[in-house]
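Below is one structure; the comments refer to it alone.
Sequence lines set the chain letters: A, B, ... in the order given, protein chains first and strands last, and positions in each chain run from 1.
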Number of protein chains: 2
Amino acid sequence: MDVMSAKPPTSLDVAREAGVSQATVSYVLNNREGMRISDETRARVREAADRLGYVPHAGARTLRTGHSGLVLVPLVDIPYGVLAVGIMEELDRELSRLGYTMIQYGARRLKGVAAARAWAELRPVAVIAPAERLTRQAVDVLHSAGIKAVVGLGVVGWSSEIVSTVTMDHEAIGVTAAEHLAARGCSTLTAIVPVEDGLREMGLRRASGVQRVAAAHGVPYTRVDLAFSEAAAAAMLDVWRDANSAGSADSVDGADSVDGADTAGRAPAKRGVFAYNDDYAMLLMAVLADNGFSVPGDVAVVGCDDLPLAKLLRPRLTTVRFDVATAPAVLAQALDEVVKGGEIGRHRLTLWTHALVERDST
Amino acid sequence: MDVMSAKPPTSLDVAREAGVSQATVSYVLNNREGMRISDETRARVREAADRLGYVPHAGARTLRTGHSGLVLVPLVDIPYGVLAVGIMEELDRELSRLGYTMIQYGARRLKGVAAARAWAELRPVAVIAPAERLTRQAVDVLHSAGIKAVVGLGVVGWSSEIVSTVTMDHEAIGVTAAEHLAARGCSTLTAIVPVEDGLREMGLRRASGVQRVAAAHGVPYTRVDLAFSEAAAAAMLDVWRDANSAGSADSVDGADSVDGADTAGRAPAKRGVFAYNDDYAMLLMAVLADNGFSVPGDVAVVGCDDLPLAKLLRPRLTTVRFDVATAPAVLAQALDEVVKGGEIGRHRLTLWTHALVERDST
DNA sequence: ATCAACTGCTTATACGTATAAGCAGGCCGT
DNA sequence: ACGGCCTGCTTATACGTATAAGCAGTTGAT
């Protein structure tokens with residue numbers, strides 16, 4: 001118990017203190033059933049362990065048992081948001097309930113096989129990683145290091161024979177957003193796709209959902225690849241203006257359309273935009289306001305994530321919210337099954353149901 | 001290399017494959033200098049290791065050497081933002097440069113000594129944790145488990161004889177924000193303090209910086225404890241309005257003050273608010289706009305963090321930005337010194353310089 | 001020719017734990 | 001009285017690694 005004793009106490013130290021053998025200490029402290037040990041001895045051992053401040057050596061245990069109970073979750077290069085952090089916390093809780101220890105591991109600087117090797121050193125029982133990182137070779141390294149479950153996180157449509165996958169149905173999110181925009185009378189649907197590395201793939205999936213809805217409703221569809229900057233967003237608006245003046249010769253330059261009543265033969269074209277997420281929606285709305293567009297009059301905007309900022313935008317942002325509540329539990333459960341069952345690459349799980357949160361931007 | 005070979009290859013397997021002893025494998029793969037091993041043998045060993053897909057067993061190594069090279073960073077209960085994630089990534093990079101492996105560990109569900117025990121099992125070489133978690137007993141557990149460096153993250157003013165501390169000078173942030181507000185002619189200074197658990201303490205420190213500046217300038221100061229909700233913010237504005245009509249009998253109700261020229265004897269009272277961070281600033285600005293206050297005309301607002309959203313608010317948000325660039329490197333360096341030096345509880349480090357980013361909200 | 005020093009390895013051991021196997025003593029049935 | 005079974009332990013071992021110590025063969029100095 002004294003600070004800076006030379007060496008941490010071992011189970012053997014505890015054994016000596018309690019006057020029993022080291023094996024007995026192990027049996028007692030691990031509550032191993034089937035072993036016949038008197039209650040009195042059990043108490044003596046526990047008391048000795050407490051007195052010495054004994055903490056088991058995870059490395060030694062791993063060496064002996066062959067597995068660590070660790071679940072490795074590499075920190076990925078997606079911009080972490082409130083949402084992702086919440087999911088991680090919930091997943092941590094669920095995994096610990098099942099007896100695992102979740103660990104997050106900075107993985108940005110290592111790639112491919114090198115990263116896999118680094119992960120494998122800890123002999124985790126499972127690795128959860130972004131699907132695109134799990135190349136054939138990387139997975140081979142993990143498996144040959146004895147890691148039971150390798151779970152890839154990806155988007156629906158990504159598939160792998162080599163690992164279990166947990167996917168998120170991004171296309172369905174696009175559909176939900178777009179259906180809502182169509183119901184609000186938008187005569188044009190636009191999907192914004194971020195250019196950032198970690199986000200782009202999801203953006204494309206969401207966009208294709210929007211496209212499907214546009215096709216079903218016979219409404220023109222455009223996809224815009226957008227960097228997260230006001231300049232890029234403004235450039236997009238310039239294109240829109242050009243398209244407007246070219247398409248319908250209603251009004252050119254200056255005030256676009258009086259918003260009083262749509263009495264004229266052609267209703268004013270209302271654009272519907274699914275902005276990929278709430279951050280992009282905020283960017284878009286700021287630039288729209290700067291350029292005299294009215295929301296939702298000229299342009300209806302739907303975000304995604306239902307971040308706190310969604311409620312604070314004016315108009316308040318309509319957005320798609322994930323149901324985070326149950327997903328981590330399902331994932332943890334599936335992972336446990338893979339570990340226990342020993343099957344590989346069988347599971348296909350789609351998580352995260354979602355719902356539209358209707359506010360004032362549409 | 002084949003998937004699901006029964007057992008992961010060990011250094012002994014590599015040794016057999018290369019026709020040398022296990023010791024030689026260890027010497028070669030760890031690049032141990034001082035050992036005389038021919039280049040030809042070295043090559044043979046490395047090739048064999050590659051062929052077998054050998055990955056060292058971190059647990060065994062830890063057991064043998066007595067230390068793991070792991071630096072444990074418990075995930076704390078503060079709301080994680082872009083900033084915190086950025087810092088973690090940078091810290092990870094710096095630590096790995098020094099030969100450590102940073103690991104983030106979900107710690108929310110365990111408290112005090114129990115948490116310390118869980119950390120200690122991994123025999124990390126260092127633990128970085130929020131200062132308030134590091135009770136005397138918890139630190140004892142960590143030290144007696146052989147952990148060299150225990151570093152507490154806290155605010156300036158928090159102090160400990162038992163661990164090294166890295167603090168952030170929140171008061172100085174408040175001073176910077178308030179000085180700017182004063183220079184902009186604010187006749188009242190208000191500091192907002194969040195009520196959330198992890199944030200409150202920092203908020204109080206920042207507020208006391210604002211208070212100091214207010215005192216120095218002979219300007220009234222108020223502190224407002226605010227929950228992150230529109231209702232709470234609106235309630236605060238109600239109080240302000242009452243104070244206005246009571247204090248100066250200039251104008252009651254309706255249009256507060258024409259903003260053309262301040263020709264009258266009394267200039268219109270301009271409030272300066274340091275909103276704790278950008279999120280709170282956004283909340284405040286939304287509610288201010290809803291209630292007919294003009295920013296920066298009636299109220300000047302300063303945020304903190306320089307989040308992407310700061311640029312997207314209208315008016316664009318003046319904010320305090322941390323200089324994140326060098327801090328993690330300094331912290332990593334200090335940690336390394338503590339580990340190497342073996343001193344305990346000596347270091348006192350204050351990090352994170354900051355600067356005002358002037359925009360349109362003041 | 002002899003001994004020392006160097007090269008390029010090998011052999012042996014310890015780290016802390018979990019667990020299979022064994023063993024002393026008491027009790028019971030016949 | 002003697003084997004068999006139960007209780008409550010102990011003894012012995014293996015996990016994979018790093019490293020101290022040792023050792024055969026060669027080179028170089030005297």
It should be established whether [X] places a side-chain nitrogen or oxygen under 4.0 Å from OP1 or OP2 of nucleotide [N].
{"X": "A:S21", "N": "D:dT10", "value": "yes"}
{"X": "A:R36", "N": "D:dT7", "value": "yes"}
{"X": "B:T41", "N": "C:dG8", "value": "no"}

Given atom [atom1] of [X] and atom [atom2] of [N], what is their separation to the nearest angstrom?
{"X": "A:I37", "N": "D:dC6", "atom1": "CD1", "atom2": "P", "result": "18 Å"}
{"X": "A:L63", "N": "D:dT13", "atom1": "CG", "atom2": "C1'", "result": "13 Å"}
{"X": "A:D13", "N": "C:dG16", "atom1": "CG", "atom2": "P", "result": "8 Å"}
{"X": "A:H57", "N": "C:dG16", "atom1": "NE2", "atom2": "C1'", "result": "7 Å"}
{"X": "A:K7", "N": "C:dA14", "atom1": "NZ", "atom2": "P", "result": "15 Å"}
{"X": "B:L12", "N": "C:dA12", "atom1": "CG", "atom2": "P", "result": "14 Å"}
{"X": "A:L29", "N": "D:dC9", "atom1": "CG", "atom2": "C1'", "result": "16 Å"}
{"X": "B:L122", "N": "C:dT17", "atom1": "CG", "atom2": "P", "result": "14 Å"}

query = Around atom CG of B:D197, are there more than 12 heavy atoms of other residues, nucleotides or ligands at under 6.0 Å?
reply =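 Not more than 12 within 6.0 Å, no.
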key: A:H67 (side chain) donor-acceptor with A:G69 (main chain) under 3.5 angstrom   =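 Checked: no pair found.
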Distances under 3.5 Å only, N/O to N/O: pair up the protein atoms with those of nucleotides 19-21 of chain D.
unit_1	atom_1	unit_2	atom_2	d
D:dA20	N7	B:Y27	OH	3.3
D:dA20	N6	B:Y27	OH	3.2

task = For A:V338 and A:K148, run side-chain contact (heavy atoms from CB on, under 4.5 Å): C-alpha distance rounded to whole Å, both residues' side-chain angles, the deciding distance at 0.1 Å, then the answer.
result = CA-CA 7 Å; A:V338 174; A:K148 299 281 191 62; 5.8 Å; no
query = B:K340 and B:L98: side-chain contact (heavy atoms from CB on, under 4.5 Å), yes or no, with the steps?
reply = CA-CA 11 Å; B:K340 300 267 171 64; B:L98 292 168; over 6 Å; no
task = Check step by step if salt bridge (Lys or Arg N to Asp or Glu O under 4.0 Å) holds for B:R97 and B:E94.
result = CA-CA 5 Å; B:R97 194 197 309 281; B:E94 289 300 325; 3.2 Å; yes
request  = Answer yes when A:E89 and A:R93 have at least one side-chain N-carboxylate O distance shorter than 4.0 Å, and no when they do not.
outcome  =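 Salt bridge absent between A:E89 and A:R93.
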For A:V45, the option from A:L29, A:I37, A:D50 that meets side-chain contact (heavy atoms from CB on, under 4.5 Å) =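 With A:V45 as partner, A:L29, A:I37, A:D50 yield a single side-chain contact (heavy atoms from CB on, under 4.5 Å), made by A:L29.
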